[in-house]
Amino acid sequence: LRSTFVDAAIRAVFNGRIHPDWRACMTLTGRWTVKAPPIHGVPKEERRKVKYFKASNLREVFVPSPGKVLVWGDVDQLELKVIAIVSRCQSLVDALADPKRNVHTEYTSRLFGIPLDQAGDSPLRRLWKNFIFQWCYGGTPDAIFAKLRVDFPDLKPHECVKLHYRLRREFPEIVAWWDEIARELNAGQGVEWPVMRAKMLGRRIRNFCGGFEENRNEAFNFPIQEGGASIVNAATTRIDDGLAEISGAGLVLQVHDELGVECWERDALRVGKLMQDVFTEVSKPFKPLVFRVKIEQGKRWSVGEKLAA
């Protein structure tokens with residue numbers, strides 16, 4: 001942690017601010033990447049304790065200029081919504097489109113047989129959230145168990161098998177989407193993703209993955225990551241244009257589905273509203289889904305309070 005983030009951040013300081021090396025065209029999916037330091041990889045608060053301190057302490061050292069605040073916009077359930085779009089899974093679209101429904105709590109209750117009013121606080125809800133994303137990326141029961149066993153030591157291999165097949169029955173559209181990708185790639189055809197119509201030749205994916213059969217989850221990962229990146233990048237450009245009208249405000253960071261803006265405290269609500277409005281506008285081609293944003297403001301990266309924008 002020290003060599004990767006702390007020492008690298010110190011080397012990137014110029015005029016009292018950290019200036020990472022941003023790269024907008026270095027990934028197949030279109031996501032922005034950053035090096036020196038790789039600031040997008042600084043661990044979140046919920047990560048496990050590392051050695052003698054919590055990894056979240058690292059985020060607390062990132063602060064705005066004196067007198068200013070950080071306003072963070074985190075796109076709610078972006079990847080799951082992209083999965084629903086590209087796979088044309090209507091049941092998942094309906095669940096995500098209704099702001100009154102909590103999709104993670106609802107499916108935790110349904111799949112694990114827990115009363116709905118207890119599922120929200122159940123540790124199985126966290127298991128479901130981790131499992132569903134690994135599964136949607138084409139993970140096999142064995143592969144999912146290998147990735148989750150550290151965070152969920154009580155998880156058993158047969159439970160992963162059972163949940164895997166429950167999800168196949170619950171979301172047949174996603175399974176059909178996997179089969180569609182497999183057929184097109186194995187035939188060497190071009191694949192056209194429904195989100196932003198980005199095209200990639202099947203042979204290019206196979207070369208990148210080192211073989212489709214051995215790394216099939218990479219082929220499923222691409223349209224999800226590309227779709228999410230396209231949506232966030234489109235919103236980032238519009239938000240940056242809007243910030244030009246707010247004195248002293250500017251984008252400071254994009255971390256996957258999260259945008260960070262530095263501004264004067266008096267303008268925090270205005271910045272939050274700008275973020276909400278832009279993502280609502282970007283959502284229009286994907287109705288009935290809306291890309292809602294959780295807005296927070298604070299004096300440090302990891303310490304913030306909800307902002308009603």
Side-chain angles (χ1 to χ4, degrees), residues 9 12-24 30-34 37-46 56 58-82 96 99 196 227-287 289-309:
V13 172
F14 177 71
N15 287 343
R17 297 176 69 88
I18 298 173
H19 295 269
D21 180 13
W22 286 97
R23 303 182 181 191
R31 284 194 181 276
W32 291 8
T33 185
V34 59
I39 199 168
H40 64 296
V42 176
K44 286 187 177 182
E45 184 177 0
E46 64 264 21
S56 61
L58 286 179
R59 289 200 168 194
E60 293 178 10
V61 305
F62 295 94
V63 297
S65 300
K68 292 188 176 181
V69 296
L70 293 174
V71 178
W72 291 98
D74 189 1
V75 188
D76 188 32
Q77 300 176 337
L78 176 63
E79 285 190 24
L80 200 56
K81 290 176 180 177
V82 172
L96 291 166
M196 292 296 181
S230 298
I231 291 163
V232 173
N233 291 345
T236 299
T237 302
R238 299 184 189 187
I239 289 171
D240 190 49
D241 291 341
L243 291 174
E245 301 178 4
I246 304 176
S247 177
L251 275 166
V252 293
L253 196 60
Q254 184 200 92
V255 183
H256 303 306
D257 306 336
E258 189 177 2
L259 297 178
V261 174
E262 181 186 80
C263 67
W264 297 110
E265 189 167 4
R266 64 175 183 269
D267 294 322
L269 278 172
R270 187 178 174 188
V271 169
K273 186 177 186 305
L274 172 65
M275 288 185 178
Q276 294 280 19
D277 291 346
V278 167
F279 274 99
T280 299
E281 182 68 24
V282 171
S283 303
K284 287 184 177 179
F286 309 105
K287 287 182 178 179
L289 294 176
V290 177
F291 303 119
R292 298 179 178 86
V293 187
K294 298 176 182 178
I295 307 293
E296 292 187 352
Q297 76 168 64
K299 292 288 188 179
R300 297 177 183 274
W301 184 358
S302 63
V303 181
E305 56 184 19
K306 291 184 179 179
L307 187 65

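Quick note: residue numbers are just sequence positions, from 1. From a predicted model like this one, the values you see are computed outputs, not experimental measurements.
- With a 4.5 Å cut-off on side-chain heavy atoms, R17 and H19 count as touching.
- Considering CD of E79 and CD1 of I231, their distance stands at 10.5 Å, rounded to 0.5 Å.
- Two residues are said to be in side-chain contact when any heavy atoms from C-beta on lie closer than 4.5 Å; F62 and L253 fail this criterion.
- Proximity of W264 to I246: side-chain heavy atoms (C-beta onward) are nowhere separated by under 4.5 Å.
- Between L274 and G242, the shortest heavy-atom contact is CD2-C, 3.8 Å.
- Salt bridge present: D76 and K294 bring a charged side-chain N and a carboxylate O closer than 4.0 Å.
- R292 is listed as a side-chain neighbour of K81, based on a closest heavy-atom distance under 4.5 Å.
- In terms of heavy atoms, L96 sits closest to L80 at CD1-O, 3.7 Å.
- When side chains are defined from C-beta on, F279 does not count as touching L78, because their heavy atoms never get closer than 4.5 Å.
- Note that CG of L259 is 4.0 Å distant from OG1 of T236, once rounded to the nearest 0.5 Å.
- Between V71 and the choices Q297, E262, R270, the side chain to side chain contact (heavy atoms under 4.5 Å, CB included) rule is met once, by Q297.
- If you take CD on Q77 and CG on L289, they are separated by 10.0 Å, rounding to the nearest 0.5 Å.
- Under the 4.5 Å side-chain criterion, counting only non-hydrogen atoms from C-beta, E265 is in contact with K299.
- Put simply, the side chain of Q254 reaches to within 4.5 Å of the side chain of N233, judged on heavy atoms.
- Checking L70, V252, V69 one by one against C263, the side chain to side chain contact (heavy atoms under 4.5 Å, CB included) holds for a single residue, V69.
- The ring pair (Phe, Tyr, Trp, His ring centres under 6.0 Å) pairs that include a residue from residues 227-250 number zero, where partners must be two or more places apart or lie in different chains.
- Considering only residues two or more places apart in sequence or on other chains, F291 meets the ring-ring contact (aromatic ring centres under 6.0 Å, His included) condition with F286.
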